[in-house]
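Here is the structure we will look at.
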Protein chains: 2
Amino acid sequence: MSTLAQSKADLERASTAQKVADMLRERVLLGELEPGLRLSEEAIGGALGVSRNTLREAFRLLTRDRILVHEHSRGVFVRRPTGDDVRDLYAARRVIEGGALRLWHTVGDAQREAVRAPVRQAVARAEKNDFSKTGSANIQFHRGIVGLAGSARLSDESDRLFAELMLAFRVAHEVEAFHQTYLPWNRKIVELLNNGTVEQAVQQLDEYFDAAEQDLVSRLVAD
Amino acid sequence: MSTLAQSKADLERASTAQKVADMLRERVLLGELEPGLRLSEEAIGGALGVSRNTLREAFRLLTRDRILVHEHSRGVFVRRPTGDDVRDLYAARRVIEGGALRLWHTVGDAQREAVRAPVRQAVARAEKNDFSKTGSANIQFHRGIVGLAGSARLSDESDRLFAELMLAFRVAHEVEAFHQTYLPWNRKIVELLNNGTVEQAVQQLDEYFDAAEQDLVSRLVAD
DNA sequence: ATTGTGGGATTGTTGAACGATTCTACGATA
DNA sequence: TATCGTAGAATCGTTCAACAATCCCACAAT
């Protein structure tokens with residue numbers, strides 16, 4: 001069964017627009033294309049060897065993911081989140097992740113492990129002074145929390161929220177902080193979950209969101 | 001200030017693709033284009049007088065809203081939600097609306113009124129045997145609940161979930177039931193909220209979701 | 001009944017074209 | 001000097017035409 005699913009994935013050729021969109025998304029999230037930058041149809045299309053029409057389809061896909069913003073007759077720009085955007089993002093995360101966390105005692109162990117494992121691995125690496133994959137570990141932790149809900153739609157939307165938040169950190173020149181200060185919070189949350197005190201875990205998560213939002217907003221308005 | 005915002009809205013001309021997408025979305029949600037129907041680029045484009053490229057942009061917009069599904073080299077189809085889709089949708093709603101409802105005691109009266117008012121108006125109309133706008137009233141109620149979170153992104157995503165759910169009801173030939181059986185539940189929820197017993201309101205909402213999901217799924221698999 | 005194997009229809013992608021809109025730089029006016 | 005207006009360049013919005021790639025369907029072969 002899993003082999004069938006795998007071969008199906010192989011068969012699902014991505015369209016040109018999809019491939020272009022994936023490439024551009026990676027470039028943006030890696031910081032090679034700075035927030036606020038305008039993406040010229042002619043320049044990008046020429047560099048990538050695709051026609052304007054195909055490129056515009058790729059732009060639509062990324063606009064949908066809030067990676068780019070479209071302004072009529074002006075073009076598309078790499079999104080540059082504001083303080084209001086950050087507040088909106090954390091308001092959404094509080095509801096989604098808080099609501100998902102409260103399902104802790106209703107889900108199976110596989111879903112719980114998706115929350116515990118990223119923290120455990122991050123702790124193990126930190127003890128060896130290995131901070132290489134510390135960034136993606138945090139995201140995996142929060143993806144695991146959302147996954148408790150058991151909704152692919154919710155997980156997809158959360159991925160978009162994470163990506164947009166990453167852009168905000170980049171605007172604030174705080175990409176490193178995003179990847180380093182979270183670990184104590186996450187350990188505490190997992191500990192509370194393992195104790196069965198879910199409501200306290202939710203409260204801890206809320207406090208983390210409060211601290212992260214406040215820090216990020218202050219750095220954005222100062223800019 | 002409001003006049004400025006209004007004139008700005010006037011200036012924001014929708015693109016042709018956007019207008020076409022809005023028209024098609026309305027057609028689909030009104031049931032004029034049945035779930036599963038394939039939308040031919042040539043036929044639709046010819047009928048609406050727009051080029052294939054512009055129409056394809058409109059298709060992309062509706063695909064992002066999960067109104068249409070795109071299959072490579074096969075075309076786009078009106079989405080036809082399955083039982084698994086419905087389960088996914090309600091899993092997402094449970095987390096989002098449950099999480100939002102728990103913010104009841106933290107929000108201002110304007111946001112609370114956005115929850116109460118739709119139910120009050122629906123009750124008033126029902127007493128006069130007026131069931132005309134009973135459908136949108138239910139949606140407004142749930143939009144109000146999501147609005148408690150104070151996140152435009154979350155509200156937008158919820159609108160997409162509602163639209164997709166409407167398609168599921170259409171597949172199950174239960175559009176009317178969707179608009180009629182909800183009122184007692186909603187009244188009870190508002191009553192519990194006014195009493196300050198938020199957790200009981202959340203529980204009541206969960207029970208409503210359980211009942212609605214089970215009913216809808218059973219009608220879908222029977223099809 | 002199942003499995004090739006064609007032709008026909010539809011989509012994927014490209015390139016060019018032209019009107020519409022925005023941006024920019026330069027000069028006019030107070 | 002600063003503000004304003006305007007012409008020209010650059011870019012976007014949309015359409016059209018073309019061709020390759022893919023899918024669908026009917027028919028024949030086993």
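Just so it is clear, the structure is predicted and the values come from calculations on it, not from any experiment. Within every chain, numbering begins at 1; the chains are lettered A, B, ... in the order of the sequence lines, protein sequences first and strands thereafter.
Dashed line: the shortest gap from a side-chain N or O of A:Arg56 to OP1 or OP2 of D:dG13 is under 4.0 Å. Using a 4.0 Å cut-off, some side-chain N or O of A:Thr16 falls inside it from OP1 or OP2 of C:dT13. Contact annotation: B:Thr54 does not reach the phosphate of D:dG13 (side-chain N/O to OP1 or OP2, under 4.0 Å).
Annotation: of the two residues near DNA chain C, B:Ser40 and A:Val50, the 5′-most nearest-nucleotide partner is B:Ser40. Along DNA chain C, the nucleotide nearest A:Ala17 and the nucleotide nearest A:Arg74 are compared for position; the residue whose nucleotide lies closer to the 5' end is A:Ala17.
Rounded to whole Å, the distance from CZ on B:Arg52 to P on C:dT13 is 11 Å. Atom CG in B:Leu39 sits about 14 Å away from atom C1' in C:dT11, given to the nearest Å. What separates CZ of A:Phe59 from C1' of D:dT11 is a distance of 12 Å, to the nearest Å. Atom-to-atom, CZ of A:Arg38 to P of D:dA10 comes out at 13 Å; the value is rounded to the nearest Å. Atom CG in B:Leu55 sits about 12 Å away from atom C1' in C:dT11, given to the nearest Å. The distance between atom NE2 of A:His70 and atom P of D:dT14, rounded to the nearest whole Å, is 8 Å. Here D:dG13 presents its P atom at 13 Å from CD of B:Gln18, a figure rounded to the nearest Å. Atom CG of A:Asn53 and atom P of C:dG12 are 13 Å apart (whole Å).
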Q | Step-by-step salt bridge (charged side-chain N to carboxylate O under 4.0 Å, His left out) determination, B:Glu34 to B:Arg80 | A | CA-CA 9 Å; B:Glu34 288 185 13; B:Arg80 201 170 193 287; over 6 Å; no
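Under 4.0 Å is where a charged nitrogen must lie from a carboxylate oxygen, and between A:Glu213 and A:Arg94 at least one such pair does. For the pair B:Glu97 and B:Arg143, the salt-bridge criterion is not met [side-chain N within less than 4.0 Å of a carboxylate O].
One side chain, A:Arg93 or A:His142, offers a donor N or O that lies under 3.5 Å from an acceptor on the other.
Atom-to-atom distance recorded for B:Asn53:CG and B:Thr16:OG1 is 12.5 Å, nearest 0.5 angstrom.
Residue A:Gly45 is out of contact with every strand shown, counting any heavy-atom pair closer than 4.0 Å.
In the set C:dT13, C:dT11, D:dT14, D:dT14 carries the atom at the smallest distance from any side-chain atom of B:Ser51.
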